[in-house]
Amino acid sequence: MLVLGVETSCDDTAAAVLLDGRTVLANLVSSQDGVHGPYGGVVPELASRQHVRHILPILDGALKKAAVTLNELDGIAVTRGPGLVGSLLVGLSVVKGISFRWKIPYVGINHLEAHLLAIFLEREVVFPYVALLASGGHTLLYLVSAFGDYLYLGGTRDDAAGEAYDKVAKMMGLGYPGGKVIDQLAHTGNPRAVSFPRSRMKKGFFDFSFSGLKTAVWHYLKARGENRWEAHKSDIAASFQEAVVDMLVAPTMRAARELGVSRIVLAGGVAANSRLRERMLEQAQEEGMEVYFPSPALCTDNGAMIALCGHHWLKRGRRDGFRLNADADLTL
Ligand code: KG4
Ligand code: ZN
(Lines give C-alpha, C1' and ligand atoms only; values in the text may rest on other atoms or scores of the structure.)
(Ligands and ions follow the chains in the order given, each with its own letter.)
Protein backbone atom coordinates (compact mmCIF):
# COMPACT_ATOMS: atom_id res chain seq x y z
CA MET A 1 0.00 0.00 0.00
CA LEU A 2 1.35 3.41 -1.03
CA VAL A 3 0.34 6.29 1.27
CA LEU A 4 1.07 10.01 1.08
CA GLY A 5 1.29 11.68 4.51
CA VAL A 6 0.75 15.41 4.92
CA GLU A 7 1.47 17.40 8.09
CA THR A 8 0.79 21.13 8.62
CA SER A 9 -0.37 21.29 12.25
CA CYS A 10 2.09 23.90 13.48
CA ASP A 11 5.06 25.50 11.75
CA ASP A 12 6.45 22.68 9.59
CA THR A 13 5.08 21.92 6.15
CA ALA A 14 5.81 18.22 5.69
CA ALA A 15 5.00 15.45 3.23
CA ALA A 16 6.14 11.84 2.97
CA VAL A 17 5.48 8.77 0.87
CA LEU A 18 5.34 5.46 2.71
CA LEU A 19 5.29 2.00 1.16
CA ASP A 20 3.53 -0.83 3.05
CA GLY A 21 3.70 1.04 6.36
CA ARG A 22 7.41 0.45 6.58
CA THR A 23 9.55 1.87 3.79
CA VAL A 24 9.88 5.66 3.74
CA LEU A 25 10.34 6.55 0.06
CA ALA A 26 10.42 10.31 0.74
CA ASN A 27 10.11 12.47 3.85
CA LEU A 28 10.41 16.21 3.22
CA VAL A 29 9.99 19.06 5.69
CA SER A 30 9.95 22.77 4.99
CA SER A 31 10.78 24.48 8.27
CA GLN A 32 9.55 27.97 9.16
CA ASP A 33 12.11 28.54 11.93
CA GLY A 34 13.58 31.51 10.07
CA VAL A 35 10.17 33.20 9.86
CA HIS A 36 9.21 32.77 13.52
CA GLY A 37 12.73 33.13 14.95
CA PRO A 38 12.62 36.93 15.38
CA TYR A 39 9.41 36.56 17.47
CA GLY A 40 10.78 33.81 19.72
CA GLY A 41 7.76 31.59 19.04
CA VAL A 42 5.28 30.57 16.35
CA VAL A 43 3.09 33.40 15.01
CA PRO A 44 -0.09 31.56 13.88
CA GLU A 45 -1.02 33.90 11.03
CA LEU A 46 2.48 33.80 9.57
CA ALA A 47 2.49 30.00 9.91
CA SER A 48 -0.69 29.58 7.82
CA ARG A 49 0.66 31.88 5.10
CA GLN A 50 3.91 29.94 4.93
CA HIS A 51 2.01 26.66 4.64
CA VAL A 52 0.03 28.07 1.70
CA ARG A 53 3.29 29.03 0.04
CA HIS A 54 5.08 25.72 0.63
CA ILE A 55 2.46 22.97 0.56
CA LEU A 56 2.36 22.35 -3.21
CA PRO A 57 6.15 22.39 -3.76
CA ILE A 58 6.58 20.04 -0.78
CA LEU A 59 3.94 17.62 -2.08
CA ASP A 60 5.45 17.75 -5.53
CA GLY A 61 8.93 17.24 -4.12
CA ALA A 62 7.91 14.24 -2.02
CA LEU A 63 6.19 12.51 -4.95
CA LYS A 64 9.18 13.19 -7.23
CA LYS A 65 11.67 11.94 -4.63
CA ALA A 66 9.62 8.78 -4.15
CA ALA A 67 9.28 8.48 -7.95
CA VAL A 68 5.52 7.95 -7.74
CA THR A 69 2.56 9.74 -9.30
CA LEU A 70 -0.77 10.62 -7.66
CA ASN A 71 -2.39 7.86 -9.73
CA GLU A 72 -0.34 5.24 -7.94
CA LEU A 73 -1.35 6.27 -4.42
CA ASP A 74 -3.69 4.00 -2.45
CA GLY A 75 -4.53 6.73 0.03
CA ILE A 76 -3.62 10.04 1.63
CA ALA A 77 -3.31 10.78 5.34
CA VAL A 78 -3.42 14.33 6.64
CA THR A 79 -3.22 15.79 10.16
CA ARG A 80 -6.62 17.12 11.23
CA GLY A 81 -5.69 18.13 14.79
CA PRO A 82 -4.65 19.12 17.33
CA GLY A 83 -2.72 22.21 16.29
CA LEU A 84 -3.16 25.73 14.97
CA VAL A 85 -6.46 25.84 13.13
CA GLY A 86 -5.23 28.03 10.26
CA SER A 87 -2.24 25.74 9.72
CA LEU A 88 -4.32 22.55 9.91
CA LEU A 89 -6.82 23.92 7.37
CA VAL A 90 -4.14 24.38 4.73
CA GLY A 91 -3.11 20.71 4.71
CA LEU A 92 -6.62 19.39 5.10
CA SER A 93 -8.08 21.57 2.32
CA VAL A 94 -5.32 20.70 -0.14
CA VAL A 95 -5.69 16.98 0.61
CA LYS A 96 -9.46 17.12 0.22
CA GLY A 97 -8.96 18.81 -3.16
CA ILE A 98 -6.53 16.15 -4.35
CA SER A 99 -8.72 13.37 -2.98
CA PHE A 100 -11.77 14.72 -4.83
CA ARG A 101 -10.03 15.44 -8.12
CA TRP A 102 -8.02 12.20 -8.28
CA LYS A 103 -10.52 9.97 -6.48
CA ILE A 104 -7.96 8.89 -3.88
CA PRO A 105 -9.35 7.94 -0.43
CA TYR A 106 -8.08 10.04 2.44
CA VAL A 107 -8.14 9.93 6.25
CA GLY A 108 -7.74 12.73 8.82
CA ILE A 109 -5.11 11.86 11.41
CA ASN A 110 -4.66 12.75 15.07
CA HIS A 111 -1.19 14.29 15.34
CA LEU A 112 -0.67 12.83 18.85
CA GLU A 113 -1.44 9.30 17.70
CA ALA A 114 1.07 9.72 14.86
CA HIS A 115 3.83 10.75 17.32
CA LEU A 116 3.03 7.75 19.57
CA LEU A 117 3.43 5.34 16.65
CA ALA A 118 6.37 7.02 14.86
CA ILE A 119 8.80 4.50 16.36
CA PHE A 120 7.33 1.76 14.10
CA LEU A 121 8.89 3.50 11.09
CA GLU A 122 12.23 2.21 12.36
CA ARG A 123 11.63 -0.51 14.95
CA GLU A 124 9.15 -3.17 15.90
CA VAL A 125 8.05 -2.60 19.48
CA VAL A 126 5.99 -5.17 21.35
CA PHE A 127 2.83 -3.80 23.00
CA PRO A 128 2.17 -2.61 25.64
CA TYR A 129 4.52 0.33 26.14
CA VAL A 130 4.51 3.59 28.05
CA ALA A 131 4.96 6.50 25.65
CA LEU A 132 6.29 9.89 26.65
CA LEU A 133 5.32 12.48 24.06
CA ALA A 134 7.24 15.69 24.70
CA SER A 135 7.16 18.46 22.12
CA GLY A 136 6.68 22.21 21.79
CA GLY A 137 2.93 21.90 22.26
CA HIS A 138 2.52 18.75 24.38
CA THR A 139 3.94 16.79 27.26
CA LEU A 140 1.83 13.66 27.63
CA LEU A 141 2.19 10.17 29.01
CA TYR A 142 0.16 7.30 27.52
CA LEU A 143 -0.10 3.59 27.94
CA VAL A 144 -0.17 2.20 24.39
CA SER A 145 -1.66 -1.32 24.48
CA ALA A 146 -2.34 -1.82 20.76
CA PHE A 147 -2.86 0.20 17.64
CA GLY A 148 -5.87 2.42 18.52
CA ASP A 149 -5.75 1.59 22.25
CA TYR A 150 -4.30 4.54 24.17
CA LEU A 151 -4.78 5.20 27.88
CA TYR A 152 -4.02 8.72 29.09
CA LEU A 153 -1.77 8.58 32.17
CA GLY A 154 -0.78 12.19 32.68
CA GLY A 155 0.22 15.46 31.09
CA THR A 156 1.65 18.86 31.78
CA ARG A 157 -0.30 21.18 34.03
CA ASP A 158 1.20 24.30 32.45
CA ASP A 159 3.94 24.60 29.83
CA ALA A 160 5.03 21.81 27.51
CA ALA A 161 8.65 20.68 27.91
CA GLY A 162 9.63 22.05 24.48
CA GLU A 163 7.91 25.32 25.29
CA ALA A 164 10.05 25.61 28.44
CA TYR A 165 13.17 25.04 26.29
CA ASP A 166 12.02 27.67 23.78
CA LYS A 167 11.16 30.24 26.45
CA VAL A 168 14.41 29.80 28.35
CA ALA A 169 16.33 30.05 25.06
CA LYS A 170 14.49 33.30 24.36
CA MET A 171 15.39 34.70 27.81
CA MET A 172 19.02 33.84 27.13
CA GLY A 173 18.97 35.29 23.61
CA LEU A 174 19.75 31.90 22.03
CA GLY A 175 17.17 32.07 19.22
CA TYR A 176 14.19 29.92 18.25
CA PRO A 177 13.53 27.03 18.51
CA GLY A 178 15.57 26.66 21.66
CA GLY A 179 15.71 22.92 22.31
CA LYS A 180 18.53 22.02 19.97
CA VAL A 181 20.65 25.07 20.91
CA ILE A 182 20.32 24.43 24.65
CA ASP A 183 21.03 20.73 24.09
CA GLN A 184 24.29 21.62 22.28
CA LEU A 185 25.30 24.35 24.72
CA ALA A 186 24.71 22.00 27.66
CA HIS A 187 27.39 19.61 26.36
CA THR A 188 30.07 22.00 27.63
CA GLY A 189 28.26 22.98 30.85
CA ASN A 190 28.04 21.56 34.37
CA PRO A 191 24.53 20.24 35.09
CA ARG A 192 25.06 20.76 38.83
CA ALA A 193 26.31 24.35 38.58
CA VAL A 194 22.91 25.87 39.40
CA SER A 195 20.35 24.08 41.51
CA PHE A 196 17.03 24.84 39.78
CA PRO A 197 13.82 23.53 41.40
CA ARG A 198 12.07 20.32 40.29
CA SER A 199 8.31 20.08 40.58
CA ARG A 200 7.00 16.81 41.99
CA MET A 201 3.45 15.50 41.78
CA LYS A 202 1.56 13.74 44.54
CA LYS A 203 1.63 9.95 44.60
CA GLY A 204 -0.68 8.47 41.97
CA PHE A 205 -0.26 11.36 39.49
CA PHE A 206 1.91 11.09 36.41
CA ASP A 207 1.72 14.79 35.59
CA PHE A 208 4.39 17.33 34.72
CA SER A 209 4.94 21.03 35.42
CA PHE A 210 7.60 23.27 33.92
CA SER A 211 6.45 26.81 34.64
CA GLY A 212 8.13 26.96 38.09
CA LEU A 213 11.44 26.00 36.53
CA LYS A 214 11.01 28.57 33.77
CA THR A 215 10.31 31.29 36.36
CA ALA A 216 13.31 30.20 38.44
CA VAL A 217 15.58 30.58 35.41
CA TRP A 218 14.10 34.03 34.75
CA HIS A 219 14.77 35.14 38.35
CA TYR A 220 18.26 33.70 38.22
CA LEU A 221 19.12 35.64 35.06
CA LYS A 222 17.46 38.85 36.23
CA ALA A 223 19.18 38.81 39.61
CA ARG A 224 22.57 38.67 37.95
CA GLY A 225 22.25 40.81 34.83
CA GLU A 226 23.48 39.70 31.42
CA ASN A 227 27.13 40.58 31.92
CA ARG A 228 27.27 38.30 34.97
CA TRP A 229 25.67 35.18 33.52
CA GLU A 230 26.80 35.38 29.89
CA ALA A 231 30.21 33.90 30.76
CA HIS A 232 28.73 30.70 32.21
CA LYS A 233 25.67 30.29 30.00
CA SER A 234 26.59 26.69 29.18
CA ASP A 235 26.36 25.88 32.93
CA ILE A 236 22.91 27.52 33.08
CA ALA A 237 21.81 25.60 29.97
CA ALA A 238 23.09 22.29 31.40
CA SER A 239 21.49 22.92 34.82
CA PHE A 240 18.14 23.87 33.27
CA GLN A 241 18.26 20.83 31.00
CA GLU A 242 19.09 18.51 33.88
CA ALA A 243 16.01 19.76 35.74
CA VAL A 244 13.77 19.23 32.67
CA VAL A 245 15.17 15.75 32.14
CA ASP A 246 14.69 14.85 35.83
CA MET A 247 11.07 15.96 35.60
CA LEU A 248 10.48 13.95 32.41
CA VAL A 249 12.27 10.78 33.49
CA ALA A 250 10.75 10.42 36.98
CA PRO A 251 7.00 10.19 36.13
CA THR A 252 7.73 8.09 33.02
CA MET A 253 9.74 5.50 34.93
CA ARG A 254 7.26 5.55 37.80
CA ALA A 255 4.35 4.94 35.40
CA ALA A 256 6.14 2.00 33.76
CA ARG A 257 7.04 0.55 37.17
CA GLU A 258 3.56 0.92 38.64
CA LEU A 259 1.84 -0.48 35.54
CA GLY A 260 4.31 -3.34 35.28
CA VAL A 261 5.28 -2.36 31.72
CA SER A 262 8.88 -2.96 30.66
CA ARG A 263 9.01 -0.92 27.45
CA ILE A 264 9.17 2.86 27.10
CA VAL A 265 8.91 4.82 23.87
CA LEU A 266 9.93 8.47 23.54
CA ALA A 267 8.29 10.72 20.96
CA GLY A 268 8.03 14.39 19.95
CA GLY A 269 10.67 17.05 19.36
CA VAL A 270 12.09 16.91 22.90
CA ALA A 271 12.71 13.16 22.45
CA ALA A 272 15.57 14.28 20.18
CA ASN A 273 17.33 15.61 23.29
CA SER A 274 20.67 13.88 23.85
CA ARG A 275 20.61 14.11 27.66
CA LEU A 276 17.04 12.77 27.89
CA ARG A 277 18.01 9.80 25.73
CA GLU A 278 21.13 9.15 27.78
CA ARG A 279 19.34 9.37 31.14
CA MET A 280 16.40 7.26 29.99
CA LEU A 281 18.76 4.56 28.75
CA GLU A 282 20.74 4.54 32.01
CA GLN A 283 17.66 4.44 34.18
CA ALA A 284 15.93 1.78 32.09
CA GLN A 285 19.02 -0.42 32.09
CA GLU A 286 19.17 -0.22 35.88
CA GLU A 287 15.56 -1.33 36.12
CA GLY A 288 15.67 -3.96 33.38
CA MET A 289 13.46 -2.02 30.99
CA GLU A 290 13.84 -1.22 27.29
CA VAL A 291 13.75 2.31 25.87
CA TYR A 292 13.07 3.11 22.21
CA PHE A 293 13.37 6.44 20.48
CA PRO A 294 12.99 7.37 16.82
CA SER A 295 15.86 9.14 15.05
CA PRO A 296 15.65 12.93 15.53
CA ALA A 297 13.98 13.62 12.16
CA LEU A 298 11.13 11.28 13.13
CA CYS A 299 10.83 12.78 16.64
CA THR A 300 10.03 16.27 15.34
CA ASP A 301 6.98 16.88 13.16
CA ASN A 302 7.10 14.94 9.90
CA GLY A 303 4.88 13.49 7.20
CA ALA A 304 6.15 9.91 7.56
CA MET A 305 4.47 9.39 10.96
CA ILE A 306 1.20 10.75 9.51
CA ALA A 307 1.48 8.35 6.56
CA LEU A 308 2.18 5.46 8.96
CA CYS A 309 -0.90 6.22 11.01
CA GLY A 310 -2.89 6.63 7.79
CA HIS A 311 -1.64 3.25 6.56
CA HIS A 312 -3.14 1.55 9.64
CA TRP A 313 -6.48 3.36 9.39
CA LEU A 314 -6.80 2.84 5.64
CA LYS A 315 -5.97 -0.86 6.08
CA ARG A 316 -8.86 -1.06 8.56
CA GLY A 317 -11.17 0.39 5.92
CA ARG A 318 -11.57 3.89 7.28
CA ARG A 319 -12.36 6.60 4.70
CA ASP A 320 -13.16 10.19 5.61
CA GLY A 321 -15.72 12.36 3.84
CA PHE A 322 -15.38 15.92 2.67
CA ARG A 323 -17.29 17.29 5.67
CA LEU A 324 -14.41 16.41 8.00
CA ASN A 325 -13.11 19.55 9.67
CA ALA A 326 -9.86 20.57 11.30
CA ASP A 327 -10.01 20.34 15.09
CA ALA A 328 -7.49 22.51 16.94
CA ASP A 329 -8.26 20.79 20.28
CA LEU A 330 -8.56 17.20 19.08
CA THR A 331 -7.79 14.76 21.90
CA LEU A 332 -6.75 11.14 21.78
O1 KG4 B 1 7.36 17.71 17.79
P2 KG4 B 1 7.84 19.07 17.38
O3 KG4 B 1 8.64 19.19 16.10
O4 KG4 B 1 6.67 20.08 17.20
C5 KG4 B 1 5.57 20.15 18.04
O6 KG4 B 1 4.59 19.41 17.79
O7 KG4 B 1 5.68 20.96 18.98
O8 KG4 B 1 8.68 19.65 18.62
C9 KG4 B 1 9.32 20.91 18.59
C10 KG4 B 1 9.88 21.18 19.97
C11 KG4 B 1 10.45 22.59 20.14
O12 KG4 B 1 9.96 23.13 21.35
C13 KG4 B 1 11.95 22.35 20.20
O14 KG4 B 1 12.63 23.33 20.98
C15 KG4 B 1 12.03 20.99 20.83
O16 KG4 B 1 10.94 20.26 20.27
N17 KG4 B 1 13.30 20.30 20.51
C18 KG4 B 1 14.19 19.93 21.45
C19 KG4 B 1 15.28 19.36 20.75
N20 KG4 B 1 15.01 19.41 19.41
C21 KG4 B 1 13.77 19.97 19.29
N22 KG4 B 1 14.16 20.04 22.78
C23 KG4 B 1 15.23 19.59 23.47
N24 KG4 B 1 16.30 19.04 22.87
C25 KG4 B 1 16.39 18.91 21.54
N26 KG4 B 1 17.47 18.36 20.96
ZN1 ZN C 1 4.33 17.36 17.02
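All residue numbers refer to positions in the sequence shown, counting from 1. Ligands are counted one by one from 1 in listed order, and the atoms in each one are counted from 1 as well. In this text the structure is predicted, and so the values were computed from the model without any measurement.
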Check ligand 1 against [X] and write out every atom of the ligand that is under 4.0 Å from a heavy-atom position of the residue.
X: G162; answer: 12 (O)
X: H111; answer: 6 (O)
X: G137; answer: 7 (O)
X: A272; answer: 26 (N)
X: T300; answer: 1 (O), 3 (O)
X: D183; answer: 24 (N), 25 (C), 26 (N)

(request) Select the closest option to atom 1 (O) of ligand 1 among G269, A164, S274, judged by heavy-atom distance. (result)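 The option holding the nearest heavy atom is G269.
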
(request) Could you check which of A271, A267, G179 puts a non-hydrogen atom nearest to atom 25 (C) of ligand 1? (result)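 Going through A271, A267, G179 one by one, G179 has the nearest heavy atom to atom 25 (C) of ligand 1.
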
(request) May I ask you to say whether E242 pairs ionically with R198, meaning some side-chain N is under 4.0 Å from a carboxylate O? (result)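 R198 and E242: not salt-bridged.
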
(message) Regarding D246 and R279, does a basic nitrogen lie under 4.0 Å from an acidic carboxylate oxygen?
(response)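 Salt bridge flag = yes for R279 with D246.
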
(message) Looking only at distances, can you tell me whether any N or O atom of D301, backbone or side chain, sits closer than 3.5 Å to an N or O atom of ligand 1?
(response)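 Between D301 and ligand 1 (N or O atoms, distance only) the closest approach is under 3.5 Å.
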
(request) May I ask you to check if ligand 1 and D12 share an N or O to N or O distance below 3.5 Å? (result)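 Checking ligand 1 against D12, no N or O pair falls under 3.5 Å apart.
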
(message) Quick check for you: to the nearest 0.5 Å, what is the distance between L18 atom CG and N27 atom CG?
(response)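 Output value for this atom pair is 9.0 Å.
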
(message) List the residues meeting side-chain hydrogen bond (donor to acceptor under 3.5 Å, both in side chains) with Q184, not counting sequence neighbours, and say none if there are none.
(response)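 Residues passing side-chain hydrogen bond (donor to acceptor under 3.5 Å, both in side chains) with Q184: none at all.
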
(request) Compute the centroid of each ring, for F147 and then for F120, and state whether the two points are separated by less than 6.0 Å. (result)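 Centroid distance F147-F120: not below 6.0 Å, so no.
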
(message) Distance alone, cut at 3.5 Å: any donor-acceptor contact between the side chains of H232 and N190?
(response)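 H232 vs N190: no donor-acceptor pair found between side chains.
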
(request) For the Zn ion (ligand 2), count the protein N, O or S atoms found under 2.8 Å away. (result)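 There are 3 of them.
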
